[in-house]
Amino acid sequence: MTARPTAHELIAKHRPTLDQALEAIRTRAYWSPHPEHPKAYGEHGSLDAGAGKAAFDALLGTRLDLDQPGTDDWVGGEVSPYGIELGVSYPHADLDVLLPAMRAGQAAWRDAGPETRAAVCMEILKRISDRTHEFAHAVMHTSGQAFMMAFQAGGPHAQDRGLEAVAYAYAEQTRTPGTAEWSMPQGKRDPLTLTKSFTPVPRGIALMIGCNTFPTWNGYPGLFASLATGNAVLVKPHPRAVLPLALTVQVAREALAEAGFDPNLVALAAERAGEGIAKTLATRPEIRIIDYTGSTAFGDWLEANARQAQVYTEKAGVNTVIVQSTDDYQGMLANLAFSLSLYSGQMCTTPQNLLIPREGISTNEGHKSFDEVTGDLARAVDGLLGDDARANALLGAIVNPDVKARLEAAADLGEVALASREITNPDFPDAVVRTPVMVKLDAAKPDDEAAYLGECFGPVSFAVAVDSVADAVDLLRRTIREQGAMTVGAHTTDPEVARAIEEVCLEEPAQLSLNLTGGVYVNQTAAFSDFHGSGGNPAANAALTDGAYVANRFRVVEVRKEA
């Protein structure tokens, strides 16, 4: 039998990577320990492409037994957006049994200290990384992402975000020393002396409510931020995307047990069809932290009703791009076309509203009218997606019927600048694949306002004619303030316009990308360098990942003794 790793061995194994992560969040420079290319896997215990696909196939139609207490039933029913039934069943929990069992291991986990907790979390991430190919198929067939996106966003990019949360958690917990000798002079009398200890203590059980579109990328920050700060974590996946997070729980439980800790520090809460256990869980007194990604309506409900918990939400927003001028017209069109197309627009960071002056814009190719800009952008999207094989690789599949319904209804909202078309996926003929639709609207028409000021999640964008760039900036401010935004983009060669847009994003905190014309896109962010969301507008009350995201997941308890 292989000997269990001790805490010291795990620290020795992972401390160099932790130090690199700490340096990366300090400098904000590019860094990642997780390879993006599929061919990088297959050595040192990691699964290559064939083994990963075989491991995923072996899961289909099986019962994923996590050996967690309180199992009273088995549930499942996931159907891939690509048209295949997964047939995996998961333990359904009796919460009155499971939650006390989760609390039982917290004292030892707390006493292990920040460094040991970080090392164990990093061991979990390493084991997940070794199975990236397997996880990629699980993400693909629950989210509808195309394989390469599922591999990268659901694999190394998600793992990066998890490690980033561990690094921030470690930094915040070690900001205060573990012990201190305190001496207060008393003049001619002996000084007052105390020995003080400071211990980071967990809030309690954390609830991570997963989302359908990015189960690992959006799930790992909260999961690892809570676990690294000493809290047990109950993972409640979206009913359509259970498998990637169930596998995550499985790996975490195994790594915790092998390191000598209670595996019930991480557990799964799968639900029966229509059961809706998130509300029940969110208001239980044992739940002290909640991480949620999803609709505004339920995010608002959590913030209003889960009063006993510290709630972190990423909700809906209306992402805006102002197009005023550019010195690289073709680069701008190509960049916007890719941003609108990637994963069928099913990203919380995808642009929705393109604000364009009705008199047109200045470019390196001369003046372009509003209709020319929208027509050229439509042709750029058509060119990008003209080859069906490439289109399938970029678009993936429509994740659920609600997105398809919004896409089909959008054509009735105004003049269609870019019509959506159906694409067949030869490998998955039952997949619903659609190219984006772009509709022309007018900010001067009151009837159009409801469309562009509401989120239309999916492959839908609105080209909104505005009277001037000043009106565009005012509309941007109103949109962020009222609806929130995960991302803002702008194309301008005018420093004054750029400064005005920056000022809006500083005052109504929103993350801004200016003049992207190359291979970096407004809807993509890099862990350790870019912040995802700001926590300063209605789209999200937290940012992935900063100190505020982890610091309130634990408290520091002081014990004073006379020296």
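Computation of the quantities below employed the complete heavy-atom set of this structure, encompassing side-chain atoms and omitting hydrogens, waters and symmetry-equivalent molecules.
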Task: Approximate separation, where rounding is to 0.5 Å, of I322 CD1 and T320 OG1 - done: 7.5 Å
Task: Geometric class of the F338/Y521 ring pair [parallel <30°, tilted 30-60°, perpendicular >60°] - done: parallel
TODO: Taking all heavy atoms of A282 and all of A306, pick out the closest pair and write down the distance.
DONE: O-CB, 3.5 Å
What pairs of donor and acceptor atoms, side-chain ones from residues 454-467 against any protein atom, are under 3.5 angstrom apart with sequence neighbours left out?
| residue | atom | partner | partner atom | Å |
| --- | --- | --- | --- | --- |
| D467 | OD1 | R358 | NE | 2.6 |
| D467 | OD1 | R358 | NH2 | 3.1 |

Open item on the list: Can you give me the closest heavy-atom contact between D371 and T374, atom names plus distance?
Closed with: O-OG1, 3.0 Å
TODO: Salt-bridge test for E502 and R499: reply yes if a basic N is under 4.0 Å from a carboxylate O, no otherwise.
DONE: yes
TODO: Could you tell me whether the side chain of I128 reaches within less than 4.5 Å of the side chain of Y220, counting heavy atoms only?
DONE: yes
Open item on the list: Less than 3.5 Å apart, any donor N or O on the side chain of Q310 or N552 sitting next to an acceptor on the other?
Closed with: yes
Open item on the list: For the residue pair Q152 / H37, report whether a side-chain donor-acceptor contact shorter than 3.5 Å exists.
Closed with: no
Task: From CZ (R478) to CG (D471), nearest 0.5 Å - done: 12.0 Å
Open item on the list: I want to check something: taking the side chain as every heavy atom from C-beta on, are E314 and Y292 in contact at a cut-off of under 4.5 Å?
Closed with: no
TODO: Could you tell me which non-hydrogen atom of V522 sits nearest to which non-hydrogen atom of V488, and how far apart they are?
DONE: CG2-O, 3.9 Å
- [ ] Mind listing the closest non-hydrogen atom pair of A153 and Q145 along with its distance?
- [x] CB-OE1, 4.1 Å
Task: Minimum heavy-atom distance T545-A165, with the two atoms named - done: CG2-CA, 4.0 Å
- [ ] For the pair N541 (side chain) and V311 (backbone), establish whether a donor and an acceptor sit closer than 3.5 Å, ignoring hydrogens and angles.
- [x] yes
Task: Modelled atom types, side-chain donor and acceptor of T493 and Q324, under 3.5 Å - done: no
Task: S420 and R434, any side-chain heavy atoms less than 4.5 Å apart - done: yes
Open item on the list: For Q346, is there any backbone N or O sitting under 3.5 Å from a side-chain donor or acceptor partner on S344?
Closed with: no
Open item on the list: Under a 3.5 Å threshold, yes or no: a donor from one side chain and an acceptor from the other, between T213 and Y343?
Closed with: no
Open item on the list: Looking at D130 and K126, is any side-chain nitrogen of the basic one under 4.0 Å from a carboxylate oxygen of the acidic one?
Closed with: yes
- [ ] Determine, for E78 against R240, whether the closest basic-nitrogen to carboxylate-oxygen distance falls under 4.0 angstrom.
- [x] no
Task: L223 backbone acceptor or donor facing S226 side chain under 3.5 Å - done: no
Task: Charged N-O contact under 4.0 Å between R406 and D402 - done: no
Open item on the list: Just verifying a value: how many Å separate L336 CG and L340 CG, rounded to the nearest 0.5 Å?
Closed with: 6.0 Å
- [ ] Please find out if less than 6.0 Å separates the ring center of Y82 from that of H137.
- [x] no
TODO: Give a yes or no answer on whether the side chain of Q483 reaches the backbone of V318 with a donor-acceptor pair at less than 3.5 Å.
DONE: no
Open item on the list: Between Y549 and D291, does the side chain to side chain donor-acceptor pair (under 3.5 Å) criterion hold? Intermediate values first, please.
Closed with: CA-CA 10 Å; Y549 186 70; D291 287 280; 3.2 Å; yes
- [ ] Decide if atom CD of E408 counts as having more than 12 heavy atoms of other residues, nucleotides or ligands within a radius under 6.0 Å.
- [x] yes
Task: D448 side-chain N/O to A443 backbone N/O, donor-acceptor pair under 3.5 Å - done: no
Task: R379 and D382 ion-paired at < 4.0 Å - done: no
Open item on the list: A side-chain contact here means heavy atoms from C-beta on lying under 4.5 Å apart; do N392 and L394 qualify?
Closed with: no
TODO: Could you tell me whether the side chain of L475 reaches within less than 4.5 Å of the side chain of L355, counting heavy atoms only?
DONE: yes
TODO: Using atom types as modelled and distance alone, determine if a side-chain donor or acceptor of T424 lies under 3.5 Å from a backbone N or O of P426.
DONE: no
- [ ] Dump the intermediate steps for ring-ring contact (aromatic ring centres under 6.0 Å, His included) on F56 and H133, then the final yes or no.
- [x] CA-CA 9 Å; F56 169 76; H133 274 282; over 10 Å; no
Task: Pairwise side-chain contact, F298 with K279, heavy-atom cut-off 4.5 Å (strictly under) - done: yes
Task: Gap separating the NE2 atom of H491 from the CD1 atom of I501, nearest 0.5 angstrom - done: 10.0 Å
TODO: Answer yes or no: is there a side-chain heavy-atom contact under 4.5 Å between I290 and M208?
DONE: no
- [ ] Among Y168, W31, Y30, find the one that has a ring pair (Phe, Tyr, Trp, His ring centres under 6.0 Å) with F528.
- [x] W31
TODO: Give a yes or no on whether a salt bridge exists between R477 and E507, defined as a side-chain N under 4.0 angstrom from a carboxylate O.
DONE: yes
TODO: Establish, from distance only, whether the side-chain atoms of Q524 and T349 form a donor-acceptor pair under 3.5 Å.
DONE: no
Open item on the list: I'd like to know whether L247 forms a side chain to side chain contact (heavy atoms under 4.5 Å, CB included) with F135, so could you lay out the CA-CA distance, the side-chain angles of the two residues, the decisive distance to 0.1 Å, and finally the verdict.
Closed with: CA-CA 8 Å; L247 292 174; F135 272 72; 3.6 Å; yes
- [ ] Look only at the side chain of N319 and the backbone of T487, and say whether a donor-acceptor pair between them is shorter than 3.5 Å.
- [x] yes
Task: Side chains of N335 and T517, donor plus acceptor under 3.5 Å - done: no
- [ ] Look up atom CG in L385 and atom CD1 in I423, then write down how far apart they are to the nearest 0.5 Å.
- [x] 6.0 Å
Open item on the list: Do T216 and R161 make a side-chain contact, defined as non-hydrogen atoms from C-beta onward lying under 4.5 Å apart?
Closed with: no
- [ ] Grab the two heavy atoms, one from T313 and one from K315, that are nearest each other, plus how far apart they are.
- [x] OG1-CE, 3.8 Å
Task: Check: N537 side chain, P509 main-chain N or O, donor-acceptor pair, under 3.5 Å - done: yes
